[in-house]
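In what follows, chains carry the letters A, B, and so on, assigned in the order in which the sequence lines appear, proteins first and then strands, with residues in each chain numbered from 1. We use all heavy atoms of the structure for the numbers below, so side chains are in, but hydrogens, waters and symmetry mates are not.
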Protein chains: 2
Amino acid sequence: MPDLIHDGDSAAAVSSLRSAVMLLGRRLKHQRVDESLSPTEMSVLGTLARCGSATPGELARKEHVQPPSMTRIVALLEAKGLVRLEPHPDDRRQKRVSRTEQAEAMLAESRSKRNAWLANLAEGLDEDEWETLRAAAPVLEKLAHL
Amino acid sequence: MPDLIHDGDSAAAVSSLRSAVMLLGRRLKHQRVDESLSPTEMSVLGTLARCGSATPGELARKEHVQPPSMTRIVALLEAKGLVRLEPHPDDRRQKRVSRTEQAEAMLAESRSKRNAWLANLAEGLDEDEWETLRAAAPVLEKLAHL
DNA sequence: TATTGTTATACTCTATAACTATA
DNA sequence: TATAGTTATAGAGTATAACAATA
């Protein structure tokens, strides 16, 4: 494995990346479409958008909450019409949780709002800076998923 | 103002940046030194590291919490030896809150732990990718502060 | 007997309303 | 009279412990 990041410049870049990502992440999180959804409820919908469907237990593990908390979250999302619960085909103890069309529309609106906010912020950069960032976007995305 | 980001490629880059920053931000947030500090307590210490010192009211506004919540947070931080409270020089209603040496050490350790985690993650990139990200770091930092 | 999910209950964090002290 | 901070109390979100149903 190449040891890319142990010179001084790279250490500074790591530190700079870390603080920028954390601050920008916090600011993005505040751009919400639906104030009535808690961060975890929102995150569960995002997870379901990636996974298609999952059991309550799987969701609890992915969101780092305990099973009883997920029971409550799923019940709230179901009451809001954002997820659907079905019996598990193989195991009658489990359930399948999947998102509704309404949830997909809300997620799309949420992404769209945050994109618009970020694009507006990026107007404060000059063309070279934006070009640099545009080149880095796919790399940052790869890094985030490593 | 130049209209940099309204072509299709840039819209894709904005979306990619947004999701990468949010995911990476969430993952970084989980890298904690002290599990006994709530996110807001941690954030208050970070704010004090930037500002030097502040009144409880200023902290409440910066952290977007109500004054009574900040009263409690400051009291908890003081009990943990992480902030110091002093009378305000000009106004006897107010107080000055500043961080202790112990808080500075904790913040340094926290930054260091997150940097190490991120640097380790970055080992999964190849040299060109890392070079791209290193060039983008200062731009991302500028963007986060706009 | 182990696992999935739920119910009952307690704790943490934050908010609102009412109060005290100072400007 | 207005402002800074605190006290008292309530609500939202999550945790642990005990339980029911199924494997």
Side chain to side chain donor-acceptor pair (under 3.5 Å) between B:Glu141 and A:Ser16, worked out: CA-CA 7 Å; B:Glu141 198 161 18; A:Ser16 171; 2.7 Å; yes
Annotated protein contacts, base or backbone, on nucleotides 7-18 of chain D with a non-hydrogen cut-off under 4.0 Å, one of B, S, - each: B-----SBBBB-
Whole angstrom value for the distance that separates P of C:dT14 from CE of B:Met70: 8 Å
Whole-Å gap separating P (D:dG5) and CD (B:Glu78): 14 Å
Worked check of side chain to side chain donor-acceptor pair (under 3.5 Å) between A:Ser38 and A:Glu41: CA-CA 5 Å; A:Ser38 74; A:Glu41 287 174 289; 3.1 Å; yes
What N/O pairs connect the protein and nucleotides 21-23 of chain D at under 3.5 Å? Give each pair on its own line.
from: D:dA23; atom 1: OP1; to: A:Arg92; atom 2: N; distance (Å): 3.1

Donor-acceptor under 3.5 Å (A:Arg27 side chain, B:Ala144 main chain): yes
Check: B:Leu28 main-chain N/O paired with B:Arg114 side-chain donor or acceptor under 3.5 Å: yes
Length of the CD-C1' vector between B:Glu86 and D:dG5, whole Å: 17 Å
Check ion pair A:Arg61-A:Glu58 (N to O, under 4.0 angstrom): no
Hydrophobic cluster identity match, B:Trp117 and A:Leu23, side-chain contacts under 4.5 Å: no
Spacing between A:Gln94 atom CD and C:dA2 atom C1', to the nearest angstrom: 13 Å
Given A:Leu77, A:Leu37, A:Asp34, the one that forms side-chain contact (heavy atoms from CB on, under 4.5 Å) with A:Met42: A:Leu37
Rounded distance in Å - NE2 (B:His88) to P (D:dT3): 16 Å
Between P of C:dA23 and NZ of B:Lys95, the distance in whole Å: 14 Å
A:Arg96 (side chain) donor-acceptor with A:Ser53 (main chain) under 3.5 angstrom: yes
